[in-house]
Amino acid sequence: MKKENLMAALEAISKSGIKVAGDLVLEKHVEHEVANVEPGGIGIQINNGSAAKAAKPAAKRDRQNGGEKPDKPRETMTFQHKACVLEGHLTLLFDKLTKAGWISGEEAHFKALFSGELDEACTLTWISGYGKGTLVELFKQLVGAKLVIVPKGFTLSAILEGHFTDTDGKWLTGLDKGNAANDKAMPFIQECVNLLKISPHGDYDDDEDFKSEYDPYDHQDLNLHKR
């Protein structure tokens, strides 16, 4: 082979990325080579060197790219009510809250909210002009008065989030952020607490261990008779 032809061949080989020593081919350097492509992903074969950054898991990529976190499971547990709170009390409280324009929904669902059982069908809507902190405060006051119980292992805010939607039909969120209730709503909240303290005799009952001697299913208006 003529010298000029040999030099041209070596130059062409050099430009192709193949290194030679004399007339012996030693190795070929390939940084990234796309191969073995499968549906849903791209396989990168690295023959020499390393990729600048390994592929990130899809979930991590989505979070870093501003994707929304997956919704947490909805809590379907409900509150428990003390024995002194009768079905008639809950009827009166439901009427008071709906007439005031605080909540909307079916009375049966409202009563189920105090059943102390898992209830996926129990759904109510917070329609008040007051913020969500007022809803939380209402139930905090009922719990603080020992009229309503948060079952062990659950939180007040999680139970409310699992059963209340906003006016757009979306589940309430962020009830554990500590948003304060509207001061103007506090007198009404106290009225709701007092309503559940009314005894069947028409007086307020302050004994938290009061055990009813009345059948809560005989009447709905608290005009109950002894068994």
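Residues take their numbers from the sequence shown, with the count starting at 1. In this text, all values refer to a predicted model and were calculated from it rather than measured experimentally. The basis for the numbers below is simple: all heavy atoms, side chains too, and nothing from hydrogens, waters or symmetry mates.
For the pair Pro151 and Phe79, the tightest heavy-atom approach, listed with the atom from each and the gap, is CD-CA, 4.2 Å. Minimum interatomic distance between Gly162 and Trp171 (heavy atoms only, all atoms of both residues): O-CZ3, 3.5 Å. The minimum heavy-atom distance between Arg74 and Asp119, with the atom names listed, is NH2-O, 4.3 Å. Heavy-atom minimum distance, Gly116 versus Gln80: CA-CG, 3.4 Å. Closest of all the heavy-atom pairs between Glu161 and Asp176 is OE2-N, 4.2 Å. Between Ala181 and Met186, the shortest heavy-atom distance links the atoms CB-SD, 4.2 Å.
Other residues, nucleotides and ligands contribute only 12 or fewer heavy atoms inside 6.0 Å of the NZ atom of Lys140.
A 4.5 Å side-chain heavy-atom check between Val148 and Lys82 finds every atom pair outside the cut-off. At a threshold of 4.5 Å between non-hydrogen side-chain atoms, the residues Ile189 and Thr134 count as touching. Using a 4.5 Å heavy-atom threshold, the side chains of Ile103 and Ile127 count as separate. Contact check for Lys170 versus Thr165: no side-chain heavy atoms found under the 4.5 Å cut-off. Residues Gln190 and Val193 have side chains in contact (heavy-atom distance under 4.5 Å, counting atoms from C-beta outward). When side chains are defined from C-beta on, Phe94 does not count as touching Leu113, because their heavy atoms never get closer than 4.5 Å. The shortest distance between side-chain heavy atoms of Lys132 and Phe164 does not fall below 4.5 Å. Considering only heavy atoms from C-beta on, Phe139 stays 4.5 Å or farther from Ile159 through its side chain.
Remark: Thr123 OG1 to Glu106 CD distance equals 9.0 Å, nearest 0.5 Å. For the atom pair CD (Glu107) and CG (Leu90), the distance works out to 9.0 Å, reported to the nearest 0.5 Å. Taking CG of Leu172 as the start and OG1 of Thr125 as the end, the distance is 8.5 Å to the nearest 0.5 Å. Rounding to the nearest 0.5 Å gives a distance of 5.5 Å between SG of Cys84 and CG of Leu147. One finds the CG atom of Leu160 at 10.0 Å from the CG atom of Leu124 (value rounded to the nearest 0.5 Å). Here CG of Leu97 is found 6.0 Å from CG of Leu138. Values are rounded to the nearest 0.5 Å.
For Ser115, the side chain to side chain donor-acceptor pair (under 3.5 Å) criterion is met by Thr78, not counting sequence neighbours.
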Practice item. Take Phe110 and Leu93 through the side-chain contact (heavy atoms from CB on, under 4.5 Å) test and state the conclusion after the steps. Key: CA-CA 9 Å; Phe110 181 77; Leu93 181 58; 3.8 Å; yes

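Ser157 and Lys177 form no side-chain donor-acceptor contact under 3.5 Å, judged by distance and modelled atom types alone.
At least one donor-acceptor pair closer than 3.5 Å links the side chain of His163 to the backbone N or O of Met77.
Leu92 and Phe188 fall within the same hydrophobic cluster, defined by Ile, Leu, Val, Met, Phe, Trp and Tyr side-chain heavy atoms under 4.5 Å apart, directly or through other members. By the rule that hydrophobic residues join a cluster once side-chain heavy atoms approach within less than 4.5 Å of another member, Ile149 and Leu86 end up as members of separate clusters.
By the 30° and 60° cut-offs, the orientation of the rings of Trp126 relative to Trp102 is perpendicular.
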